[in-house]
There are 2 protein chains.
Amino acid sequence: MATMRDVAKLAGVSLATVSFAINNTKPVAPATLERVREAMDTLDYRPNAIARALASKRTRIIALLFPMEDHSLSGTALKFFTAAAEAASELGYNLILWPGDNGAEHIDRVVSNGLIDGVILMEVHLDDERVVRLRELGVPFTLIGRTRELSGISYVDVNFEGAVIDALARFEALGHRSIGIVFDDDGDPGTSDYGPVARTRDTYLERMRAIGATPGIFSCAESSSAGRALVPRILAEMPDVTALLLINEHASPGIVSALAAHGRPVPEAVSVLVVGASVDIVSAADPELTVYESPSRELGRRGVRDLIQRLENPNLEPAAALVDCRYVDVNSIAPARPRA
Amino acid sequence: MATMRDVAKLAGVSLATVSFAINNTKPVAPATLERVREAMDTLDYRPNAIARALASKRTRIIALLFPMEDHSLSGTALKFFTAAAEAASELGYNLILWPGDNGAEHIDRVVSNGLIDGVILMEVHLDDERVVRLRELGVPFTLIGRTRELSGISYVDVNFEGAVIDALARFEALGHRSIGIVFDDDGDPGTSDYGPVARTRDTYLERMRAIGATPGIFSCAESSSAGRALVPRILAEMPDVTALLLINEHASPGIVSALAAHGRPVPEAVSVLVVGASVDIVSAADPELTVYESPSRELGRRGVRDLIQRLENPNLEPAAALVDCRYVDVNSIAPARPRA
DNA sequence: ACAAAACAGTGAACCGGTTAACTTTTTGGT
DNA sequence: ACCAAAAAGTTAACCGGTTCACTGTTTTGT
């Protein structure tokens, strides 16, 4: 493999000049530039990323930190990963995948060996010790999600609240008043401090209060069978339910089929909307369900872009982006018909 | 951040001794070792991965190459990714995620900058130009999947044939003779050279010939609705079908519900087995389906382990591992009952 | 026509480790 | 005791780039 030294020799210039020519760090005369280019071509020269990193103290590697005790690491996560890796690649960066427990020591291990320029943090909690540690260490980072305290923090998050508000408005417009909500199981939805759950729950409760309806909050594991098993509980606690807002993508198909089995077909008897899922997964329900699709790709791209931009220009403003879900309508809601 | 130089000074030894102490590359007297350890502790020293990589010409980074024009990059892929990253992490390596088109130039870009010690290649085709290129370049690699020509190549693959043989045997034992098979759409299953498809198809055809049954090969896109849409075609071409082998996980729920809608409930009228899917996704079908679950985690771990072992000991034998699917039985098959 | 400024290019230190070759000290056999 | 061999350490070159301070040459303004 040819080195810069070889190129310099062949082009009849100094090492430094080659470096300047490559990075155009300093102006180089057109003729010289041409000679260097030719030399690089004939030698099939590729700059060595490691040497470059050592000398410049910038590795152009960013880490994607995600927890292994995943919940919601589902269909959307994969899209997120690939979109993030693509975006990084387009900008000349590399994305390292870093699974791990949550926790501050984990951060230390990732960062301390100097391999990484910055971090993308997934599955952020409202109070997240990893964020604290990253700040202490002075490592640039961008959140996917939001902490409670956001001053000076760069984040890209899904606009769950917006989707919930929109969904509830649609239900209400169709005359629904008895509207239940279904979360996944990790962290009691009553107390969870996982951002999307907490915010969605609050938005829901507030709206229910506003229209004077009794809220019905449920949760089950992230699986279709858990969804099926949950339905009797829902019908017992909320016998007059006419609409369900699902925040649990994997459970959705099971919920729908169990509703039908209990004589409450969707959408005739119960209207259903899903928030923050991937269409791939939810379309397994029969009938298919209208979804506020999680903008995973967008999230991945935006997160990575923001981080890299700020790496290259540290005094840039932190990002504060809320990305809307896409409403994918397949008519799984209908006017409320009170049960005979 | 403390450097080795600092440690050496504090411990009163030379740079080299510190290096030997850290990597135990050369014996160091116990007393000296202790002093070095202490110095490292008090300085909170972490070796710099980049400098180490430059000097030792080993980055301890491996790349996971996966195509973006995915098919089957589905529920199983995510598990695969995280298992691979975990395994790498446990062995002190880092996993870079590298999406891209297929193609040999893609390989060049990944490898040429010296950032990477080895490559894990996903979604391997029977004749894969990337494999050729990797060999030319002399880059260590491990396949997830298998090429046609395997001499000297390290691979870890799912034992699809085994699963298909087992599944067909179960069908036959229950008296089924009219057995259809459903692939996903990428690459006509009649001619595809994507390994799993090609091998599965061949195994199926061979077995059908053996029992003197007429084969029925179908395919549709990787979605539940495509599955639903496919059912009428299946029933038209194979009106007497009593068993279906599905190689298309996302389509499975749709196929099941459409079968029911056409008066052929599963498993009473049609027995169904799914090969190479993830339980998460297929369990969305109602009733749930018996699955030969794709051993994605195992695949990820084994692939990474093999690659790293061979990086550290280049004259190790290449891996040649076929990993069995796990049979997850939920009774979606029943004795054949010829249609009235 | 001449000093000042702008432009091209070079040399060498440096990033933070690894490792081969060499020196010094210790050990052991006779 | 004495010498050869083993053990423990050290020195310095090297990995392949980046970048700062500097030199020599050309351009510009007046």
Side-chain angles (χ1 to χ4, degrees), chain A residues 1-40 43-61 92 94 111-117 311-312, chain B residues 1-40 43-61 92 94 111-117 311-312:
Chain A
M1 189 96 275
T3 77
M4 240 177 66
R5 179 169 259 92
D6 303 327
V7 175
K9 199 171 302 172
L10 182 55
V13 295
S14 74
L15 259 183
T17 303
V18 177
S19 176
F20 297 143
I22 290 173
N23 307 307
N24 50 33
T25 320
K26 252 181 92 176
V28 171
T32 316
L33 193 68
E34 186 50 34
R35 293 220 312 288
V36 172
R37 288 252 164 76
E38 260 174 34
M40 287 178 28
L43 294 174
D44 192 29
Y45 167 75
R46 318 281 175 132
N48 179 309
I50 295 292
R52 183 135 98 129
L54 181 60
S56 66
K57 307 190 157 251
R58 306 247 335 265
T59 63
R60 292 165 180 269
I61 300 176
N94 296 108
V111 163
S112 60
N113 59 5
L115 191 58
I116 271 155
D117 283 349
L311 285 173
E312 314 224 306
Chain B
M1 188 97 277
T3 76
M4 239 175 67
R5 179 168 261 91
D6 302 327
V7 175
K9 198 171 300 173
L10 182 56
V13 296
S14 73
L15 259 183
T17 304
V18 177
S19 175
F20 298 143
I22 290 173
N23 308 308
N24 51 33
T25 320
K26 253 180 91 176
V28 171
T32 315
L33 194 67
E34 187 49 36
R35 293 219 311 289
V36 173
R37 286 253 166 76
E38 260 173 35
M40 287 179 27
L43 294 175
D44 192 29
Y45 167 75
R46 319 281 175 131
N48 179 308
I50 295 293
R52 183 135 94 134
L54 180 59
S56 65
K57 305 186 159 258
R58 305 246 334 266
T59 63
R60 292 165 179 269
I61 299 175
N94 295 107
V111 163
S112 61
N113 60 3
L115 191 59
I116 271 155
D117 283 348
L311 285 173
E312 316 224 304

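What you see below is based on every heavy atom in this structure, not just the backbone, and it leaves out hydrogens, waters and symmetry mates. Within every chain, numbering begins at 1; the chains are lettered A, B, ... in the order of the sequence lines, protein sequences first and strands thereafter.
Between B:Leu10 atom CG and B:Tyr45 atom OH the span is 13.0 Å, to the nearest 0.5 Å.
Phosphate contact (OP1/OP2 of C:dT10, side-chain N/O of A:Thr17, threshold under 4.0 Å): present. Of the side-chain N and O atoms in A:Ser56, none sit less than 4.0 angstrom from OP1 or OP2 of C:dC15. Using a 4.0 Å cut-off, no side-chain N or O of A:Ser19 falls inside it from OP1 or OP2 of D:dG17. A:Arg52 has no side-chain polar atom (N or O) that falls below the 4.0 Å cut-off from OP1 or OP2 of D:dG16. Between B:Asn48 and C:dC15 there is no side-chain N or O to OP1 or OP2 distance below 4.0 Å. OP1 or OP2 of D:dG16 has at least one side-chain nitrogen or oxygen of B:Lys57 nearer than 4.0 Å.
Across all strands, B:Ala16 comes closer than 4.0 Å to base atoms (heavy-atom distances). Contacts of A:Val28 with the nucleic acid, taken as non-hydrogen atoms under 4.0 Å apart, involve only primed sugar atoms and P, OP1 or OP2. Within the nucleic acid shown, A:Thr3 comes within 4.0 Å of sugar-phosphate atoms alone, with no base atom in reach, counting heavy atoms only.
Of the possible donor and acceptor atoms, none in the side chain of A:Arg46 sits under 3.5 Å from a partner among the backbone N and O of B:Asn113. In this structure, A:Thr59 contributes its side chain and A:Leu115 its backbone to a donor-acceptor pair below 3.5 Å.
Note: OH (A:Tyr45) to P (D:dG16) measures 10 Å, nearest angstrom. Going from atom NZ of B:Lys9 over to atom C1' of D:dT11 covers 16 Å, rounded to whole Å. Here the P atom of nucleotide C:dT19 and the CD1 atom of B:Ile22 are 12 Å apart, to the nearest Å. The CG-C1' distance, from B:Asn113 to D:dG17, rounds to 13 Å in whole Å. In this structure, the CG atom of A:Asn24 is 14 Å from the C1' atom of D:dT18, given to the nearest Å. To the nearest angstrom, C1' of D:dT18 lies 13 Å from CZ of A:Arg5. A:Met1 places its CE atom 11 Å from the P atom of D:dG16, with the value rounded to the nearest Å. Computed from coordinates, the B:Asn23 CG to C:dT19 P distance equals 7 Å when rounded to whole Å.
If you find the closest nucleotide of DNA chain D to B:Leu54 and to B:Leu33, the one lying nearer the 5' end belongs to B:Leu33. Both B:Phe20 and B:Ala51 sit near DNA chain C, but only B:Ala51 has its closest nucleotide nearer the 5' end. Between A:Arg46 and B:Ala31, the one whose closest nucleotide on DNA chain D sits nearer the 5' end is B:Ala31.
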Practice prompt. Carefully, step by step, assess A:Ile61 and B:Ile61 under the rule side-chain contact (heavy atoms from CB on, under 4.5 Å).
Written response: CA-CA 11 Å; A:Ile61 300 176; B:Ile61 299 175; 4.2 Å; yes

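Candidate nucleotides C:dG17, C:dT19, D:dA21 were compared by shortest atom distance to the side chain of A:Lys26, and D:dA21 ranks first. Comparing C:dA8, D:dG9, D:dG17 by their nearest atom to the side chain of A:Ala55 picks out D:dG17. Closest to the B:Met4 side chain, of the nucleotides D:dG17, C:dG17, D:dT19, is C:dG17.
When only modelled atom types and interatomic distance are considered, A:Asn23 and A:Arg52 share a side-chain donor-acceptor pair under 3.5 Å.
Within 6.0 Å of CZ on B:Arg58 lie more than 12 heavy atoms contributed by other residues, nucleotides or ligands.
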